[in-house]
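Below, chain A is the first sequence line, B the second, and so on; all start at residue 1.
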Amino acid sequence: MRRVDGPSLVTGLVLIGLGGLFLLDRLEALDLRFGYLWPALLAGLGAILLASGLRRERP
Amino acid sequence: MTPLRRDLDNRVVAGVCAGLGQRLGLDPVILRLSFVVAAAAGGFGVVLYGLAWLLVPADRAGASAPPGPPRRGSWQVAAGVGLLVLALLLLLRELGIWFSDPLVWPVVLAATGSTLIWHRSAAVRRQTTTRLRGLPRPADPITRGRVALGAALVVGAALLFLLANDAVSPARDVVLVLLAVVVALALILTPLWWRLARSLGEERSARIRTQERAELAAHLHDSVLQTLALVQRRADDPRAVAALARRQERELRAWLSGTSERTGREGVAAALEAVAGEVEEAHGTAIDVVAVGDTPLDEHGEAVVAAVREALVNAAKFAGNAPIALYAELEDGRIHAFVRDRGPGFDPAGVPADRRGLRESIVGRMERHGGRATVTTAPGSGTEVELVLDSPS
């Protein structure tokens with residue numbers, strides 16, 4: 001079985017999540033304010049960094 | 001310059017940033033952050049990344065790629081944790097669950113710092129366990145620096161927190177008490193710690209000594225004891241015994257002086273020693289080899305080694321049981337070698353014209369390679385062949 005690449009998976013999930021947020025905002029289902037967007041971006045970045053840092057140690 | 005390639009071995013998405021970082025000598029994390037920022041600013045980064053993904057070919061031969069920037073696993077983990085904590089705090093603030101703004105930076109700094117301290121990289125752990133069969137190993141400077149920075153971050157966060165809450169003056173008394181306790185503890189514990197560290201060090205060196213002794217015993221068994229067994233078996237053949245003893249002596253000397261370990265680098269010195277060993281075994285005479293310095297074995301060096309071999313063979317054939325000495329000075333392409341024997345010597349003028357050994361294999365060969373050979377001999381006074389070569393480098 002192909003090994004799942006952690007950082008790629010996390011990056012993909014983060015992008016999907018952000019995309020979902022933007023889509024919901026576009027569909028007026030959600031009022032996306034800067035105050036919510038900023039933490040979401042930071043959290044995504046943090047998750048990517050965390051995943052890639054953890055992967056680098058277990059090559 | 002290496003061409004720009006996507007580095008699939010260190011990729012996060014498609015290796016664009018890893019490859020770019022390798023080419024530019026930057027940490028790919030910086031490039032990744034720039035791409036994310038550019039992506040957040042109107043989707044520009046996504047388009048750029050997609051184009052790079054399409055246009056830049058992938059690098060499949062990851063093993064031959066030059067080493068990129070140093071691995072920074074723990075830094076990434078610490079930064080990631082810090083960002084996640086920051087995001088959580090901002091979210092809480094936005095939701096109205098909030099205590100006070102000055103809390104943000106201290107908490108983020110403390111989270112980052114403590115992650116740096118507590119997160120010991122798996123690579124370091126692995127290294128520690130495999131080194132020297134579990135011998136304790138002094139902490140490496142990178143780990144120590146990381147722990148120090150982490151501690152500084154945590155302490156800085158605490159101070160920031162106190163400052164932000166105007167709590168420095170009331171806290172001063174507490175700090176004073178804490179300081180006194182820390183100093184007292186240090187006074188009590190330092191001798192203990194010192195003794196522990198020393199006993200650990202002593203145990204470590206004792207274990208190293210034991211290992212070295214075992215290695216020595218193994219080597220002596222493989223070489224000297226085996227040779228002694230062979231000598232016993234061939235006691236009726238003095239020539240064979242002498243040759244065995246010489247070979248063992250040479251090997252033991254090489255081992256003691258550490259020259260047997262330079263197997264990867266074949267220089268003229270090693271080649272001369274090998275040639276002397278061959279002649280010794282073939283003719284059963286003792287040859288003393290002294291080689292000072294070394295120089296890489298090139299085409300000219302090989303010619304000198306061949307000439308030396310011919311001179312040694314001559315000496316072994318005609319000098320009887322008289323000792324033969326090979327002395328060589330080697331430095332940066334310059335080879336200066338002597339082959340001496342205390343045999344009967346000969347009259348150079350009396351050598352028949354059809355004997356090619358001296359004339360062709362030694363003098364002619366040296367001249368063809370831009371060197372010279374001088375033979376000094378007279379009946380009854382031994383022979384000396386001097387070979388000089390300056391390699392045109």
Might you point out which heavy atoms bring Pro39(A) and Ala87(B) nearest each other, and give the distance in Å? O-CB, 3.2 Å
Of all heavy-atom pairs linking Leu49(A) and Ala79(B), the shortest is CD1-CB, 3.8 Å
Drop me the distance from Leu42(A)'s CG to Leu88(B)'s CG, to the nearest 0.5 angstrom. 11.5 Å
Proximity breakdown for Ile48(A) and chain B, heavy-atom pairs closer than 4.5 Å: side chain
Close side-chain approach of Leu33(B) and Leu45(A), heavy atoms under 4.5 Å: yes
